[in-house]
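Given the structure is predicted, the values throughout are model-derived calculations rather than measurements. We use all heavy atoms of the structure for the numbers below, so side chains are in, but hydrogens, waters and symmetry mates are not.
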Amino acid sequence: RETAARVAAGAVARALLTHFGILVGGQVVRIGDVEAPPNTLPLRELIAVTEESPVRVADKETEAKMIAAIDAAKADGDTLGGVVETIVEGVPVGLGSHVQWDRKLDARIARAVVSIQAFKGVEIGIGFEAGRRRGSQVHDEIHYDAARGFFRPTNRAGGFEGGMTTGAPIVVRGVMKPISTLYKP
């Protein structure tokens with residue numbers, strides 16, 4: 001299938017990116033109505049923990065609930081969708097474009113996510129939550145101090161501003177619909 005080729009190419013790309021100090025990991029954050037608590041693990045640890053999970057989630061309690069939800073849906077002859085999150089650390093500042101629509105990196109990533117079979121939505125950073133908040137609760141304000149220089153204490157934009165990387169971790173979530181092949185008519 002077409003997605004198998006993407007997985008193989010992604011594994012090669014992930015290995016190549018490590019040579020540039022870029023780390024790519026992720027997790028399942030929701031299956032059906034079971035949602036994982038917010039991640040607090042460093043990315044390397046998150047990768048190690050999710051590699052051991054059959055549903056690729058870091059929290060063991062959530063893992064058990066997700067497996068139970070999958071088993072219950074299967075017993076009913078049904079399927080579940082979910083949300084996956086990808087985190088990329090070590091990306092340099094300025095990749096992408098703020099001028100050319102077809103070179104905005106966040107747009108290219110969003111296009112790539114929804115081009116995967118059964119993926120129906122994508123959010124970057126706080127994504128759809130931004131529509132519920134005021135601007136002061138959405139923007140990643142730039143601060144300065146002598147020790148750190150310029151920095152942003154938040155990453156609500158998921159590592160992007162104006163279509164370009166900010167140097168903060170890239171955080172992208174994609175939503176996958178339940179597959180339409182059911183065990184019942």
Side-chain angles (χ1 to χ4, degrees), residues 1-7 9-11 13-14 17 22-89 91 104-133 137-138 140 154-160 165-166 168-183:
R1 296 187 58 158
E2 188 264 346
T3 51
R6 289 180 189 231
V7 171
R14 184 181 188 182
L17 289 172
I22 298 172
L23 185 62
V24 180
Q27 64 178 336
V28 171
V29 295
R30 178 183 294 153
I31 293 180
D33 63 356
V34 179
E35 188 166 351
N39 173 48
T40 58
L41 298 173
L43 186 54
R44 286 191 192 284
E45 191 174 334
L46 178 68
I47 293 168
V49 171
T50 57
E51 287 290 329
E52 299 299 319
S53 171
V55 289
R56 300 193 67 80
V57 67
D59 182 70
K60 288 294 183 187
E61 184 178 321
T62 304
E63 178 183 277
K65 289 177 183 178
M66 286 178 172
I67 291 170
I70 293 166
D71 291 343
K74 185 176 180 181
D76 290 341
D78 218 334
T79 60
L80 297 172
V83 177
V84 296
E85 178 179 71
T86 301
I87 303 164
V88 185
E89 291 182 348
V91 178
K104 291 180 180 242
L105 187 55
D106 54 355
R108 295 179 92 172
I109 289 172
R111 180 179 65 200
V113 171
V114 295
S115 75
I116 300 169
Q117 294 293 333
F119 275 72
K120 297 299 179 186
V122 63
E123 68 178 358
I124 298 173
I126 64 170
F128 295 108
E129 177 63 27
R132 291 187 205 70
R133 296 184 181 187
Q137 299 170 330
V138 172
D140 294 318
T154 59
N155 187 25
R156 297 176 187 125
F160 291 99
T165 55
T166 64
I170 293 174
V171 181
V172 179
R173 282 175 225 84
V175 61
M176 182 177 171
K177 73 177 184 76
I179 59 170
S180 55
T181 307
L182 305 178
Y183 291 100

Point to revise | Those residues that, when tested against Glu85, pass side-chain hydrogen bond (donor to acceptor under 3.5 Å, both in side chains) (two or more places apart) | key: Gln27, Arg173
Review point. With Glu35, which residues qualify under salt bridge (Lys or Arg N to Asp or Glu O under 4.0 Å), at least two apart?
Key: Arg30
Practice item. Taking Asn155 for its side chain and Pro169 for its backbone only, find out whether a donor-acceptor pair lies under 3.5 Å. Key: yes
Check your understanding: Taking atom CD1 of Ile31 and atom CZ of Arg56, what is their separation to the nearest 0.5 Å?
Key -> 11.5 Å
Practice item. Identify the heavy atoms of Pro178 and Gly81 that sit nearest to each other, and give their distance. Key: CG-N, 3.4 Å
Review point. Closest approach of Val57 and Ala36, non-hydrogen atoms and distance?
Key: CG2-CB, 3.7 Å
Review point. Do you know the tightest heavy-atom contact between Ile124 and Ala157?
Key: CG2-O, 3.5 Å
Review point. Heavy-atom count around Arg44 CZ within 6.0 Å, excluding the residue itself: above 12?
Key: no
Review point. Do Glu129 and Glu123 pass the side chain to side chain contact (heavy atoms under 4.5 Å, CB included) test, and can you show the C-alpha distance, the side-chain angles, and the key distance before you say yes or no?
Key: CA-CA 9 Å; Glu129 177 63 27; Glu123 68 178 358; 5.9 Å; no
Run the side-chain donor-acceptor check on residues 63-80: report pairs under 3.5 Å with partners two or more places apart or on a different chain.
unit_1, atom_1, unit_2, atom_2, d
Glu63, OE1, Ser53, OG, 2.6
Lys65, NZ, Glu61, OE2, 3.4
Thr79, OG1, Ile179, O, 2.7

Review point. Does Val28 reach the side chain of Val84, with side-chain heavy atoms less than 4.5 Å apart?
Key: yes
**Study point:** Verdict with supporting geometry, Ile87 and Leu46, side chain to side chain contact (heavy atoms under 4.5 Å, CB included)
**Key:** CA-CA 10 Å; Ile87 303 164; Leu46 178 68; 3.9 Å; yes
Point to revise | Residues which pass side-chain contact (heavy atoms from CB on, under 4.5 Å) with Pro42, listed by chain and number, not counting sequence neighbours | key: Glu45
Study note, to complete from the structure: Closest heavy-atom pair, Thr166 versus Phe160, reported as atoms and distance to 0.1 Å, is CG2-C, 3.6 Å
Point to revise | Over all atoms of both residues, closest heavy-atom pair of Leu23 and Leu43 | key: O-CD2, 3.6 Å
With a cut-off of 3.5 Å and sequence neighbours excluded, list every side-chain donor-acceptor pair involving residues 112-119.
unit_1, atom_1, unit_2, atom_2, d
Ser115, OG, Arg6, NH1, 3.1
Ser115, OG, Arg6, NH2, 3.1
Ser115, OG, Ala112, O, 2.7

Study note, to complete from the structure: Hits for side-chain contact (heavy atoms from CB on, under 4.5 Å) against Ala130, two or more places apart or cross-chain, chain-then-number order -> Ile126, Val138
